[in-house]
2 protein chains.
Amino acid sequence: MGRRSTHTPQQLRELILEAAQEIIQSQGLAGLSAREIARRISYSPGTIYNMFQNLDDVVLNVEARVLDALDARLTAVLKGDGDTVGRIERLAHAYLSFTQENPRLWNLLFEHHMPAGTDLPSWYQQKLEGLMARVEEALAPMFPAGREADRQRAARVLWAGVHGITSLSTADKLSIVTTDGANRLIDDLIGTYLAGLRGAESGAGAQEAHSAKP
Amino acid sequence: MGRRSTHTPQQLRELILEAAQEIIQSQGLAGLSAREIARRISYSPGTIYNMFQNLDDVVLNVEARVLDALDARLTAVLKGDGDTVGRIERLAHAYLSFTQENPRLWNLLFEHHMPAGTDLPSWYQQKLEGLMARVEEALAPMFPAGREADRQRAARVLWAGVHGITSLSTADKLSIVTTDGANRLIDDLIGTYLAGLRGAESGAGAQEAHSAKP
DNA sequence: GGTCATGGGACGTCGTTCGACGCATACGCC
DNA sequence: GGCGTATGCGTCGAACGACGTCCCATGACC
């Protein structure tokens, strides 16, 4: 069979990723197969291997799309204004909504592993750091200059905490009945943790939450 | 080939689960196959289907063993005494150590999903609640009688928070370099969250879900 | 001798490879 | 410029080994 010239290589890549994403979205990673992708885009399985190294490579690129979509969502939410706590809560709830709207795509990020011996590509790590940067950004007003390390740690703790609540709740492993439960837990985490942060600050006299340092 | 009578059904089950656990431990869930289990225990693949419904069933029972092992570890850690915060931190670090010693077994709990339409069995949910009960237990001294709902929420938030840190850290998705990083984040979470709890208590006499922000 | 655990082949699936095919393009020739 | 041929390479689909699962003749135990 000769070349078709119906799609440019770039279009073909997108076609494959789009199909793969749809399959994962509706049937989970376990439902993904090279043959099923090929069927959907009316190409043969072999063609996929012209564009990607293997199925893992396809999956990794779908993950990239998911991370981008999540980042877009968080970025949009940060556009509005409001007090610091409110912004953080909006971020967290946006994260939770995203995972609830796209549970299988989000699960993909954690159930798919690189074959042994190969690390995550650096662009992947950069996308992760970009997400974390959103939290640090929202957290910035609470930390005076010079406390970047503290801000970074707080951002990671909150990010991981929200992730944990989200993860256990979508996996149905937190003994939570309602969706609302996860939202409440997130508010509790953020409210209480930030209260603890402020308490430590004022208690130690090192810094004040919202006021400028003398 | 006739019956062997070299193993009782119960022994055979254990043999299968043991082999499956070893495979997952060394190669991850993706490396597990009925044929590989059969090879290791010197039975044929068909025999596995006499003892278990299918491979998912085998995996689910391996998960049960992992949950039991984790529970035993947490229980042992709670035996000692110390102040409340110390006990909680010991719990959390025990959880983290367990996941670091058995990363693939622990991952199993989250990368394996029930086939669509079937829920987690109730005994599985009970094991999860048993784990959560450990946290509530350690948290008990901080809550007066009548605040069981608050204690339950705090336990879930802390459990999920530690889980999130652990999860992202073992998946290498928290931009953490050292193992020590995860430990520090956990201490920060517990210390700061509990400080926030205490602040809310002394301020309002009792904490409330959303009003924890002063 | 009857029961039934067991072995192992069968079926349809999978990921991945690879050589043959034939379309799109480039070139040679008139 | 037009036409025929040669070349390159995108594409197909068969092939391979491994997979989950099913099935039933077999033959070891009671």
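Within every chain, numbering begins at 1; the chains are lettered A, B, ... in the order of the sequence lines, protein sequences first and strands thereafter. In this text, all values refer to a predicted model and were calculated from it rather than measured experimentally.
Using a 4.0 Å heavy-atom cutoff across all strands shown, I48(A) reaches no nucleic acid atom at all. Among the protein residues, L12(A) comes within range of the sugar-phosphate backbone only, with heavy atoms under 4.0 Å from sugar or phosphate atoms but none that close to a base.
One atom, CG of N50(B), and another, P of dT21(D), lie 14 Å apart when rounded to the nearest Å. Note: CD (E36(B)) to C1' (dG20(D)) measures 15 Å, nearest angstrom. At whole-Å resolution of the value, CZ in R35(A) and P in dC19(D) are 16 Å apart.
Checked against side chain to side chain contact (heavy atoms under 4.5 Å, CB included), R13(B) has the following partners two or more places apart in sequence or in another chain: Q10(B), M51(B), F52(B), N61(B). By the side chain to side chain donor-acceptor pair (under 3.5 Å) test, D83(A) pairs with no residue at all, sequence neighbours left out. Contacts of F110(B) classified as ring-ring contact (aromatic ring centres under 6.0 Å, His included), with partners at least two apart in sequence or in another chain: W106(B), H163(B). Looking at residues two or more places apart in sequence or on another chain, you find no side chain to side chain donor-acceptor pair (under 3.5 Å) involving T99(A).
A salt bridge links R73(B) with E101(B): the distance from a Lys NZ or Arg NE/NH1/NH2 to an Asp or Glu carboxylate oxygen falls below 4.0 Å.
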* Derivation of the salt bridge (Lys or Arg N to Asp or Glu O under 4.0 Å) call for D150(A) and R153(A) -> CA-CA 5 Å; D150(A) 292 334; R153(A) 181 165 52 242; 3.2 Å; yes

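Using a distance-only test at 3.5 Å, with no hydrogens or angles considered, a donor-acceptor pair links the side chain of Q11(A) to the main chain of T8(A).
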* Which letter, B, S or -, goes with each nucleotide of nucleotides 22-30 of chain D from 5' to 3', with contact meaning a protein heavy atom under 4.0 Å? -> B---BBSS-

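Nearest heavy-atom pair, A34(B) versus L55(B), reported as atom, atom and distance to 0.1 Å: N-CD1, 3.8 Å.
With a heavy-atom cut-off of 4.0 Å to chain B, the contacted part of DNA chain C has its first and last nucleotide at dT3(C) to dA10(C).
Between R39(B) and dC19(D) there is a side-chain polar atom (N or O) within less than 4.0 angstrom of OP1 or OP2.
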